[in-house]
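Note that the structure is a prediction, hence the values are computed from the model and not measured. We number each residue from 1, following the sequence as shown. Both ligands and their constituent atoms are indexed starting at 1 by order of listing.
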Amino acid sequence: MSDIAKSKVDPRHPDHRPHTAVLTRGFDPSLSVGSARPAVFRSSTYVFSTPEAAEHAFATATGKIAVPEGQRPDLIYSRISHPNAEILEDQIVPLEAGARAAAVFNSGMAAIMTAFFTFGRLDGTIVYTTPLYGGTTGLIHQFLGPLHMKGIAVASGDTAGLDAAIAAAPNCCMVYLETPANPTLTMTDIERASAAAARHPDRPMVIVDNTFLGPAFQHPLNLGAHLVLYSATKYLAGFSDMLAGIALANDPEIIQTLRNRRVMFGNILQPDECWMLDSRLPTVGLRMNRQSKNAQRLAEALHGHAKLHRVIYPTLFEDGEQIRIFKKQCDFPGGVFSLDFKGGKPAAFDFLRNLKIARNAVSLGGVESLVCHPKTTTHSGMTVQELAESGVTDGLVRVSAGTEDWRDLLADFEQALAAC
Ligand SMILES: *Cc1c(COP(=O)(O)O)cnc(C)c1O
């Protein structure tokens, strides 16, 4: 049984491109009674053929016996690993350019928390861009701060400021980037931040939360980042029906270290969820392409609307530095845009109330369009100063474009705009 989960680049097709490799590697039907798609293995524990096999399994799992690259320790117990996690971890690797290994977690926050607790150091500093996802900001302020890990915030978009903050950070253990920022889509130059980190004597780990544009449109590991994190709850899962997190790296040691922490924390993704997420991987590129095209058509059609101050979307950027980063770093502009209403909060709320297709909910990346008012929901934990600095205004509405026909979405947006 444990053979089913053995990780290997498919020896029959070592050179397959990502959209093929996601379907050909990491799973062998002959080890699963011929099933064309993976089965679900819900067992919590795995039977050893002999006491010697049990001894060997523990020796490989604890690192006493080295496991050759591309192979896995024997299966023991599902908190350590299980076949569906191994299949998912193998199949997702080709989708992230530059990745050689992955680890799955039971939410995006679980992946982020595990990375902080693995690569953070007592009395160390973490340089990070703001705004970050609210849960990540809370983790830095409320949890890591009291543990003497100091966060040093730099406004996203401040390229020179980020260089300077990294250079000046004492005992720097991490540079943590989220680009584009949510909900203003302000971008950070990953390659430049990675170069600044590489010049720092402490060699901080460069971590990128790639949830908004990855894995299809932005490739941090090819730009010098060490670790990419995802809320797979969003585009990777794509249907707003599950929670998951992923970490990917070029260096398998980084991933193995995270997996060892994951055993302690007990936050591996469960078999059923791994199986669901695995089935979504071959379509993530298709969905994200469609969602990006829909968002671009909507954003550009609504640009200049009499009731809007502005439409925030990468193809509509006006700042030269932001245009430079977008062109250099992103293959497509992505499925999220924001509308800034001249009529402030009342107009934004009227707009949300009047939409008939897009639903008023937080989260993003699903095949159904979702809209929310960040200032009173996702970003309500920010201080007045943080809100002002990061451009989260009273009139701002964030839109996550789904896969509906864009003409129906545009008609819906136009009628809701007319009503506010
Ligand atoms: C949603 C989200 C997270 C948190 O992920 P969960 O799966 O909800 O735990 C982290 N970062 C970003 C950018 C997100 O959008």
Side-chain angles (χ1 to χ4, degrees), residues 88 92 96 102-117 126 128-144 151 156 174 176-188 190 207-218 220 225 227-248 258 262 265-270 273-274 276-277 280 284 287-288 291 295 330 334-338 361-366 368-374 377-382 390 392 398-402:
L88 172 60
I92 199 168
E96 183 71 33
V104 293
F105 295 87
N106 57 20
S107 68
M109 280 312 300
I112 293 166
M113 179 275 275
T114 305
F116 276 125
F117 278 85
I126 302 166
Y128 67 97
T129 51
T130 57
L132 286 182
Y133 181 72
T136 314
T137 312
L139 187 62
I140 293 172
H141 288 322
Q142 292 159 38
F143 211 84
L144 300 180
S156 24
M174 258 183 263
Y176 189 94
L177 314 175
E178 195 175 306
T179 179
N182 170 20
T184 55
L185 305 183
T186 313
M187 295 194 174
T188 298
I190 297 169
I207 304 178
V208 178
D209 181 331
N210 206 29
T211 300
F212 268 55
L213 284 181
F217 305 144
Q218 181 170 272
L227 183 66
V228 164
L229 301 177
Y230 284 100
S231 170
T233 309
K234 314 293 167 54
Y235 286 101
L236 282 161
F239 291 82
S240 305
D241 59 0
M242 63 176 294
L243 294 171
I246 313 261
L248 295 121
L258 283 171
R262 186 180 67 182
F265 297 159
N267 56 8
I268 192 171
L269 189 62
Q270 304 267 333
E273 271 74 11
C274 286
M276 281 174 71
L277 183 54
R280 310 289 168 78
V284 66
R287 287 184 275 108
M288 288 188 77
Q291 287 170 275
C330 313
V336 176
F337 63 96
S338 292
V362 300
S363 198
L364 56 108
E368 69 294 312
S369 292
L370 297 178
V371 286
C372 72
H373 183 251
T377 60
T378 51
H379 291 62
S380 56
M382 289 172 96
S390 53
V392 183
R398 185 187 73 191
V399 181
S400 167

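Nearest protein heavy-atom contact of atom 4 (C) of ligand 1 is Y133 CE2, 3.3 Å. Protein heavy atom nearest atom 7 (O) of ligand 1, with residue, atom name and distance: T233 OG1, 2.6 Å.
Residue-ligand proximity, I112 to ligand 1, at heavy-atom distances under 4.0 Å covers atoms 10 (C). Here is the list of ligand 1 atoms found below 4.0 Å of a heavy atom in M109: 5 (O), 6 (P), 9 (O). Proximity to G108 (heavy-atom distance under 4.0 Å) selects the following atoms of ligand 1: 5 (O), 6 (P), 7 (O), 9 (O).
More than 12 non-hydrogen atoms from other residues, nucleotides or ligands lie less than 6.0 angstrom from CZ of F239. Around atom CD of E368, more than 12 heavy atoms belonging to other residues, nucleotides or ligands sit under 6.0 Å away.
In this structure, the side chains of S231 and S107 stay at 4.5 Å or more apart for every pair of heavy atoms.
You'll find the ring centres of Y235 and Y230 outside the 6.0 Å limit.
Considering only non-hydrogen atoms, atom 11 (N) of ligand 1 lies nearest to D209 out of N182, D209, T211, L243. Across the listed options M242, K234, E178, K234 owns the non-hydrogen atom lying nearest to atom 15 (O) of ligand 1.
Ligand 1 lies out of reach of L132, whose nearest heavy atom is not under 4.0 Å from it.
Checking side-chain atoms of T233 against main-chain N and O of A244 turns up a donor-acceptor pair under 3.5 Å.
Residues N182 and T378 bring no donor and acceptor atom of their side chains to less than 3.5 Å of each other.
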